[in-house]
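Nothing here was measured: the structure is a model prediction, and the numbers come from that model. Just the heavy atoms: all of them, side chains too, but no hydrogens, waters or symmetry mates, feed the values below.
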Amino acid sequence: EEAGRAWLSAFEQDRVDQRRKGLLRMLDESARRLARRIEHQVEDLRGAERAEEFRRCGELLLTYATRIPPGAGSVVLPPADQPTGEAEVTIRLDPALSVSANAQAYFRRYQKARRAVSVLQGELARSRQLLAAVETLQVLAREADSLELLEALEAERASLTGVTAPGRHDGRRPVPKSAPARRNESAAGSRAPAIARFRSSDGVEILVGKSARANDHLTLHLARPGHVWLHARGLPGAHVVIRSHAERIPESTLLEAARLAARFSAQGRSGTAIPVDYTLCRHVRKPPGSPPGFVVYDHEKTVRVIPHPSMLPAPEPGSPDAAGGPSARS
């Protein structure tokens, strides 16, 4: 009987490991696609930011209109404010148009590029948020210890990657979510958030989000404004909340919570010291329209800790983690 239980445990662990590997492969591909999208959007934004150059070309053409021969394909002009200076400007022209019409064409390009900048900046910010969310799921997937939690993370990945804005700016609206993406989003929302519960050596409760949705639920709903929120600085990973007001938290509890935040981060297995930010939950905000788990914060302080497993608080008795089962997700 004991051998049978051991075999069953090994079988279940193998299923978890295989499911994790599959999810990590999908997340890696999602991260690569988003990185390529960001490269394209940065390139497009650089082009759009040439708006002032287009305006300047139009103004120079009007300033020196009498010096430009009809039918010219290009012209080299000095800056209007330094007519005798060395910094000359080469302007390409449409030989079929008059100088005035060429100037107006540059002004139209200026207006179009200026409008595109704000659109492209929004798209680029959204893509960067999505990449940060996918990177957070990669960290959480590596730490997932049950099929239920991995299924929840898979649903979160599907809901994230179902939002496919155009990779390059082409004037179209973002592509709406597909029906499968909407179903996955609904499935993700129907599960209870996976949140691990710990007790510090001082007996203070510490909560850790184990998925992106759980991070949101923990930070925005469970935590109170005066509780302390922690996150590895500049790294994707779990949100951690000390469920006590700051003035009542012993330093030992703060350090244990920081080690948890460091452990459940992208460098949590590095064995090196990691900076962890902490602030009051009232200083943590979620930007409108941002993906699950994405927040901004201020008024933070930073502590450096080594995320060694032996430094972690023991799971609270009776919690899902203590039983080895699934924990809530973020």
Heavy-atom check, side chain of [X] versus side chain of [Y], under 4.5 Å:
X: Ile274; Y: Ser265; answer: yes
X: Leu280; Y: Val228; answer: yes
X: Asp145; Y: Lys210; answer: yes
X: Val241; Y: Leu222; answer: no
X: Glu154; Y: Arg19; answer: yes
X: Arg126; Y: Pro291; answer: yes
X: Glu205; Y: Arg197; answer: yes
X: Pro236; Y: Gln138; answer: no

Could you tell me the separation between the [atom1] atom of [X] and the [atom2] atom of [Y], rounded to the nearest 0.5 Å?
X: Asp202; Y: Ser252; atom1: CG; atom2: OG; result: 3.0 Å
X: Leu153; Y: Met26; atom1: CG; atom2: CE; result: 10.0 Å
X: Leu137; Y: Arg142; atom1: CG; atom2: CZ; result: 11.0 Å
X: Arg304; Y: Arg233; atom1: CZ; atom2: CZ; result: 10.5 Å
X: Phe198; Y: Glu256; atom1: CZ; atom2: CD; result: 11.0 Å
X: Arg263; Y: Ser270; atom1: CZ; atom2: OG; result: 10.0 Å

Side chain to side chain contact (heavy atoms under 4.5 Å, CB included), paired with Val240, selected from Val208, Val276, Leu207: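 So, applying the side chain to side chain contact (heavy atoms under 4.5 Å, CB included) to Val240 and each of Val208, Val276, Leu207, only Val208 qualifies.
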Donor-acceptor pair between Arg15 and Gln18 side chains, under 3.5 angstrom: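 There is no such pair between these side chains.
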Residue pair Ser100 / Ser98, side-chain donor-acceptor N/O under 3.5 Å: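 Per modelled atom types, Ser100 and Ser98 side chains form no pair under 3.5 Å.
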Of all pairs that satisfy ring pair (Phe, Tyr, Trp, His ring centres under 6.0 Å), the ones with a partner from residues 102-134, not counting sequence neighbours: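 Qualifying pairs: none.
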Measure across [X] and [Y] and return the closest heavy-atom pair with its distance rounded to 0.1 Å.
X: Gly271; Y: Ile306; result: O-CG2, 3.7 Å
X: Ala144; Y: Leu150; result: CB-CD2, 3.5 Å
X: Gly237; Y: His231; result: O-NE2, 3.3 Å
X: Arg248; Y: Pro250; result: O-CD, 3.3 Å

Verdict with reasoning, Val296 to Arg285, per side chain to side chain contact (heavy atoms under 4.5 Å, CB included): CA-CA 5 Å; Val296 294; Arg285 303 174 302 282; 3.9 Å; yes
Plane angle bin for His239 and Trp229 - parallel if under 30°, tilted between 30 and 60°, otherwise perpendicular: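 Aromatic pair Trp229/His239 classed perpendicular.
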Strictly distance-based, threshold 3.5 Å: is any side-chain N or O of [X] a donor or acceptor partner for the main-chain N or O of [Y]?
X: His299; Y: Thr279; answer: no
X: Arg20; Y: Ala141; answer: yes
X: Asp277; Y: Thr302; answer: no
X: Ser290; Y: Lys286; answer: no

Cluster question for you: counting only ILVMFWY and a side-chain heavy-atom cut-off of under 4.5 Å, with indirect links fine, are [X] and [Y] together?
X: Tyr64; Y: Val99; result: yes
X: Ile206; Y: Val139; result: no
X: Leu147; Y: Leu149; result: yes
X: Phe294; Y: Leu230; result: no

Test: Glu52 and Arg56 ion pair at under 4.0 Å: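 The answer is no: the pair does not qualify as a salt bridge.
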Test: Arg25 and Asp28 ion pair at under 4.0 Å: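 No.
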Side chain to side chain contact (heavy atoms under 4.5 Å, CB included) between Val42 and Glu39, intermediate numbers included: CA-CA 5 Å; Val42 168; Glu39 288 178 5; 5.9 Å; no
Residues in salt bridge (Lys or Arg N to Asp or Glu O under 4.0 Å) with [X], at least two apart?
X: Arg115; value: none
X: Arg108; value: none
X: Arg109; value: none
X: Arg33; value: Glu29

Criterion side chain to side chain contact (heavy atoms under 4.5 Å, CB included) on Val75 and Leu61, from CA distance to verdict: CA-CA 9 Å; Val75 64; Leu61 289 175; 4.1 Å; yes
Candidate pair Ile68 and Leu77, rule side chain to side chain contact (heavy atoms under 4.5 Å, CB included), full reasoning: CA-CA 9 Å; Ile68 302 172; Leu77 300 173; 4.3 Å; yes
Arg269: partners by side chain to side chain donor-acceptor pair (under 3.5 Å), with sequence neighbours left out: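 Counting only residues at least two positions away or on another chain, Arg269 forms a side chain to side chain donor-acceptor pair (under 3.5 Å) with Glu143.
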